[in-house]
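Read the numbers this way: they start at 1 and go in the same order the structure lists the ligands and their atoms. Computed over heavy atoms, backbone and side chain alike; hydrogens, waters and symmetry mates excluded.
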Amino acid sequence: MVQTTSDPKLSTGHPQRSSSETDQIIQFHHPEQYRTSEWYTGSGEIAASGDNRSFEVTATYTLTAEVKLVDGVFEPSNPTLAEIYSPRGRCVAIVDRSVDELYGDALRRYFESHEIPLQLLACRAWESDKTPETVHNLLKFLGKDGCDVSRNEPVLVVGGGVLSDVAGLACALQHRRTPYIMVGTTIVAAIDAGPSPRTCTNGAQFKNSIGVYHPPVLTLVDRNFFRTLATGHIRNGMAEIIKMAVTDDPILFELMERHGVRLLETHFATLGGDEELNAIADEVIYRALFSYMKHEGTNMFETYQDRPHAYGHTWSPRFEPAAKLMHGHSVAIGMAFGASLAVELNWLEPAERDRIINLCRAIGLSVYHPILEDIDLMLEGQKNMRRKRGEGGLWAPLPTGIGSCDYAQEVSSGMLEVAVEHHKQLCAALPDGGRGQEMYLSDLGLE
Ligand SMILES: NC(=O)c1ccc[n+]([C@@H]2O[C@H](COP(=O)([O-])OP(=O)(O)OC[C@H]3O[C@@H](n4cnc5c(N)ncnc54)[C@H](O)[C@@H]3O)[C@@H](O)[C@H]2O)c1
């Protein structure tokens with residue numbers, strides 16, 4: 001529908017000119033019958049200055065992204081994927097190579113049983129593969145030399161956070177915007193990187209520094225995949241759950257305090273556990289997802305910096321690659337340090353900081369690494385974060401209690417040094433100095 005602001009009733013299939021040439025504003029709602037995408041819509045406004053020399057355009061882009069908990073996504077009896085791909089006559093899929101080894105047969109059987117042709121690329125997706133070269137290879141598969149996907153054909157992406165980042169970016173670049181459906185097979189991908197709009201590759205020094213905002217149109221979360229995940233990766237993913245619990249959801253925090261260890265041991269009730277634990281596993285996953293998407297999903301283009309989910313992610317993008325840490329451990333170190341800094345700023349009670357540190361430690365996440373003492377590196381991380389977050393301030397989310405946070409705009413080098421020193425002393429008193437289990441990329445063979 002097309003309307004002018006001067007008389008909305010003048011709508012026809014075409015934009016109307018207003019009577020005044022000096023303040024002409026035309027709102028343009030594109031006719032529904034011309035729409036080609038079921039997920040993306042848009043409208044706009046064009047305002048002419050009236051002197052025939054300039055005008056201003058404002059456009060609103062609306063996208064719909066759905067997130068669903070499912071059980072047995074590759075079970076032939078589960079209609080979810082078949083309903084999407086059957087009418088389209090094929091499925092183009094990018095699958096993490098390790099996931100393909102474990103679940104490729106089930107996936108192929110699924111599409112065979114629904115008589116849907118499948119074109120699948122198994123892609124190695126190690127942290128070291130998170131590069132522009134990998135994105136180029138994926139683009140070859142998606143483009144004219146490969147499957148020649150259509151702009152409205154959702155690509156199926158199955159894997160962990162590394163794959164969701166690079167394959168999401170490749171989809172964003174193909175035809176400037178090709179939709180994709182994400183099946184996250186790790187905890188990180190299920191509750192965080194998977195539904196996230198932040199697709200990317202790593203830059204030379206900073207993680208995730210090259211990318212675009214392009215969320216999957218549908219995220220399917222099936223925790224049955226966690227059964228085969230290495231326990232180190234379960235632990236790693238739990239850091240992203242804790243960040244939402246600390247900053248946004250006190251009930252989630254209590255659930256993690258009470259059941260976190262059991263959820264780790266049973267891979268979220270997929271390796272044993274009773275009905276009650278199954279229900280708790282679902283609730284934890286749902287709460288973490290909901291809390292994350294409430295903030296990230298409604299702010300898809302990061303035009304606002306009230307982003308609690310950036311807790312633990314202010315300094316870590318600089319020290320994580322330098323220390324070759326697993327992402328979750330680096331986030332946990334960032335969260336624990338952030339809690340100490342919040343105490344220093346009188347934002348948080350020491351007892352609440354201790355609850356955060358104790359929860360991380362209970363599940364074997366690191367809370368300290370000597371790289372924090374490299375103040376120049378930490379300041380470099382802050383500088384980079386300011387650029388990334390728009391130069392308006394540091395916007396570092398720090399807890400103000402369990403389930404709430406605020407944003408530090410300035411952290412001087414003096415304050416940083418004091419907070420690091422106090423955090424170091426606190427962690428030195430811990431039996432293992434705050435080390436986590438399997439904290440390095442090489443521990444899990446991911447270098
Ligand atoms: N875009 C975002 O907003 C965002 C958010 C958080 C994390 N990330 C990124 O996500 C990455 C970490 O993701 P991750 O923790 O999922 O790691 P990952 O993608 O490296 O997966 C971990 C390992 O598990 C394997 N694997 C995946 N699913 C499996 C399964 N079901 N069973 C057995 N093995 C399986 C993978 O092949 C890999 O070896 C980091 O690069 C991080 O920067 C991005």
If you count the atoms of ligand 1 from 1 in the order shown, which ones are under 4.0 Å from a heavy atom of Val99?
-> 27 (C), 28 (N), 29 (C)

Mind jotting down which residue pairs meet the side-chain hydrogen bond (donor to acceptor under 3.5 Å, both in side chains) criterion with at least one end in residues 166-189? Sequence neighbours excluded, please.
-> none

Heavy-atom nearest pair, Gly72 first then Asn224, reads N-ND2, 3.4 Å

Is Ser196 touching ligand 1 with its side chain, its backbone, both, or neither, if touching means heavy atoms under 4.0 Å apart?
-> side chain

Ile210 to Asn202 - nearest heavy-atom pair and separation | CD1-O, 4.0 Å

Go through ligand 1 atom by atom and flag the ones less than 4.0 Å from a non-hydrogen atom of Asp96.
-> 36 (C), 37 (O)

Is there a ring-ring contact (aromatic ring centres under 6.0 Å, His included) between His423 and Tyr368 once you walk through the steps?
-> CA-CA 8 Å; His423 188 59; Tyr368 190 76; 5.8 Å; yes

For the residue pair Ser150 and Asn152, confirm or rule out a side-chain donor-acceptor distance under 3.5 Å.
-> no

Of the non-hydrogen atoms in Tyr292 and Pro195, which two are nearest, and what is the gap between them?
-> CE2-CG, 4.3 Å

Got a sec: does the CD of Gln425 have more than 12 other heavy atoms crowding it under 6.0 Å?
-> yes

Contacting atoms of ligand 1, where contact means under 4.0 angstrom from a heavy atom of Ser98 | 37 (O)

Cut-off 3.5 Å, side chains only: do His295 and Tyr304 have a donor facing an acceptor?
-> no

Note: ligand 1 atoms sitting under 4.0 Å from heavy atoms of Glu127 are 40 (C), 41 (O)

Considering distance alone, does some N or O of Tyr103 sit under 3.5 Å from an N or O of ligand 1?
-> no

Relative to the heavy atoms of Gly161, which atoms of ligand 1 are at a distance of less than 4.0 Å?
-> 10 (O), 11 (C), 13 (O), 14 (P), 16 (O), 19 (O)

Under 3.5 Å donor-acceptor pairs involving side-chain atoms of residues 260-269, not counting sequence neighbours:
{"residue": "Thr266", "atom": "OG1", "partner": "Arg262", "partner atom": "O", "Å": "2.8"}
{"residue": "Thr266", "atom": "OG1", "partner": "Ala269", "partner atom": "N", "Å": "3.0"}
{"residue": "His267", "atom": "ND1", "partner": "Phe226", "partner atom": "O", "Å": "3.0"}
{"residue": "His267", "atom": "ND1", "partner": "Arg227", "partner atom": "O", "Å": "3.4"}
{"residue": "His267", "atom": "ND1", "partner": "Leu229", "partner atom": "O", "Å": "3.2"}
{"residue": "His267", "atom": "NE2", "partner": "Thr231", "partner atom": "OG1", "Å": "2.8"}

Taking all non-hydrogen atoms of both residues into account, name the closest pair between Lys130 and Thr201 and its distance.
-> O-CB, 3.6 Å

If we number the atoms of ligand 1 from 1 as shown, the ones under 4.0 Å from a heavy atom of Asn236 are 15 (O)

Among Thr186, Leu229, Ile191, closest by heavy atom to atom 21 (O) of ligand 1 is Thr186

For ligand 1, which atoms have a heavy atom of His233 less than 4.0 angstrom away?
-> 22 (C), 23 (C), 24 (O)

Classify the contact between Thr199 and ligand 1 as side chain, backbone, both or neither, using a heavy-atom distance cut-off of under 4.0 Å.
-> neither

Return yes or no for this condition: an N or O of Val188 is under 3.5 Å from an N or O of ligand 1.
-> no

Any N/O of Phe225 closer than 3.5 Å to an N/O of ligand 1?
-> yes

By number and element, which atoms of ligand 1 are closer than 4.0 Å to a non-hydrogen atom of Gly160?
-> 16 (O), 19 (O)

Any heavy atom of Arg97 under 4.0 Å from ligand 1? The part involved is neither

The option among Thr228, Thr185, Asp165, Asp192 carrying the non-hydrogen atom nearest to atom 6 (C) of ligand 1 is Asp192

